[in-house]
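Numbers restart at 1 for each chain; the letters A, B, ... are given by sequence-line order, proteins then strands.
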Protein chains: 2
Amino acid sequence: MGVFSKTCEYAMRAVFYIASSTISGNRVGIKEIASKIDSPEYFLAKILQDLSRKGLISSVKGPNGGFYIEGEALNRPLADIVTAVDGDEIFNGCGMGLAHCSETNPCPLHHEFKKVRNQITHMLTITTIGQFNKELGNGLISLKKS
Amino acid sequence: MGVFSKTCEYAMRAVFYIASSTISGNRVGIKEIASKIDSPEYFLAKILQDLSRKGLISSVKGPNGGFYIEGEALNRPLADIVTAVDGDEIFNGCGMGLAHCSETNPCPLHHEFKKVRNQITHMLTITTIGQFNKELGNGLISLKKS
DNA sequence: ATAAATTAAGATAAAAAAGTCTTTTATTGT
DNA sequence: ACAATAAAAGACTTTTTTATCTTAATTTAT
Ligand code: FES
Ligand code: FES
């Protein structure tokens, strides 16, 4: 098991890909996205529909349609995507599964786990959706599974 | 979704509980453990059977039987439990779901995610199974879900 | 207007994770 | 030896996650 659900992994990869295409002035179709990030096409379609309904990405139907991201939305933190897909448990849940993480009734891992959560929160907050376009363009970083 | 599977959460809570009972010189039955850590009894039984087969905890059948942890095993890092239950993906997997985390073909989150993974590894390595007996005894920390 | 393209929505399906119940096996105390 | 106790093992069910397919609704270009 990873830190994020598969759904969320696909969502993050797709959003980065859409962002970098948007910068180059294009809308991208579901087929292209799925192939470029190595994800099951129909499943990804569902995920993007959901993000679209929630206003995190945009889409247009018809010829030359596809997905893109509004200028303003490119500055959103990646945390917004994670929250939309996986909820906020990762940001404030207890590492050992207690119903509530609490300072007064902590689990054995509480003290150390807090650092982990803070690190995750930090990572997802400082990272913006539109941040990696350059590196994605020149192949310095990768979104393909293998 | 949390960082660990529910199975793993139950396993960790149970192992801490068994450890603290072992220190007080007792074996504990599945029923007591399940009730003390708020987990489904039969499901936990499966988990402990597995840990027992793998030698991470010990058990004896029959009257006055139950689960306990060998002296030496009390010093194992919690990481051993996590690995036994959830595998090692959490220690070296890619945060965005790429098949292999790699320095030469990194995902966008690689640099930051490495810190998260290291923090998790650190937490699970420095924490030993038998470490919290005092705090568990005096109720300073909790294993009960609610 | 019509046809083509493309996302949205709805309905299933398959796989994995979580949870439950029943039967068997081993151990202990009498 | 026997009965009682408790874990081990096996079979099964339910729920959640992941994945696929089909039909509908929009948009664009001709
Ligand atoms: S109580 Fe478990 S992480 Fe805070
Ligand atoms: S490549 Fe994704 S975390 Fe290293």
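The separation between Phe43(B) atom CZ and dT16(D) atom P is 13 Å, rounded to whole Å. Between Glu41(B) atom CD and dA8(D) atom C1' there is a gap of 14 Å when expressed in whole angstrom units. Atom NZ in Lys54(A) sits roughly 13 Å away from atom P in dA9(C) (whole-Å rounding). Following rounding to the nearest Å, Arg27(B) (CZ) and dA26(C) (P) show an atom-to-atom distance of 17 Å. Counting to the nearest Å, the C1' atom of dA26(C) and the CG atom of Asn64(B) are 15 Å from each other. Taking atom CG of Leu44(A) as the reference point, atom C1' of dA19(D) lies 12 Å away to the nearest angstrom. Here the P atom of nucleotide dG19(C) and the CG atom of Asp50(B) are 16 Å apart, to the nearest Å. Nucleotide dT20(D) holds its P atom 15 Å from the CG atom of Leu48(A), rounded to whole Å.
In this model, the phosphate group of dA6(D) is not approached by any side-chain N or O of Ser59(B) to a distance below 4.0 Å at OP1 or OP2. Applying the 4.0 Å criterion to OP1 and OP2 of dA17(C), one finds that Thr7(B) has every side-chain N and O outside that range. For the OP1/OP2 pair of dG19(C) and a distance below 4.0 Å, the side-chain nitrogens and oxygens of Tyr10(B) include at least one atom meeting the criterion.
Looking at the side chain of Phe67(B), the nearest of the listed nucleotides dT22(D), dA18(C), dA8(D) is dA8(D). Set against dT20(D), dT20(C), dA4(D), the side chain of Tyr42(B) has dT20(C) as its closest nucleotide. Relative to the side chain of Ser5(A), the nucleotides dT18(D), dT20(C), dT22(D) differ in distance, and dT18(D) lies closest. Checking dA9(C), dT5(D), dA18(C) against the side-chain heavy atoms of Lys6(B) singles out dA18(C) as nearest. Proximity note for Pro40(B) (side chain, C-beta onward) versus dT28(D), dA7(D), dT20(C): the nearest is dT20(C). Side chain of Ile30(B), nearest nucleotide from dA7(D), dT20(D), dT22(C): dA7(D). Here dA8(D) is the nucleotide among dT20(C), dA8(D), dA19(D) with the atom lying nearest to any side-chain atom of Lys61(B).
Hydrophobic clustering, defined by side-chain heavy atoms of Ile, Leu, Val, Met, Phe, Trp and Tyr closer than 4.5 Å, groups Tyr68(B) together with Val60(B).
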Pairs under 3.5 angstrom, nitrogen or oxygen only, protein versus nucleotides 10-14 of chain C, please.
residue, atom, partner, partner atom, Å
dG10(C), N7, Lys46(A), NZ, 2.7
dG10(C), O6, Lys46(A), NZ, 2.8

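Hydrophobic clustering of Ile, Leu, Val, Met, Phe, Trp and Tyr side chains at less than 4.5 Å, counting indirect connections, unites Leu78(A) with Leu51(A).
Salt bridge status for Asp50(B) with Lys46(B): absent, with no side-chain N to carboxylate O gap under 4.0 Å. Between Glu103(A) and Lys114(A) there is a salt bridge, since at least one side-chain N of the basic residue sits less than 4.0 Å from a carboxylate O of the acidic one.
Annotation: Lys115(A), atom NZ; neighbour count of heavy atoms from other residues, nucleotides and ligands within 6.0 Å is above 12. By the 6.0 Å contact criterion, NZ on Lys134(B) is open, its count of non-hydrogen atoms from other residues, nucleotides or ligands being 12 or less.
Residues Gly66(A) and Met1(A) both approach DNA chain C. Their nearest nucleotides, taken by heavy-atom distance, put Gly66(A) toward the 5′ side. Nucleotides of DNA chain D nearest to Gly62(A) and Phe4(A) differ in position, and the one nearer the 5' end is that of Phe4(A).
Using modelled atom types and a 3.5 Å distance limit, the side chains of Asp86(B) and Ser5(B) yield a donor-acceptor pair.
Taking the six-membered ring for Trp and thresholds of 30 and 60 degrees, Phe4(A) and Phe113(B) have ring planes inclined between 30 and 60 degrees apart.
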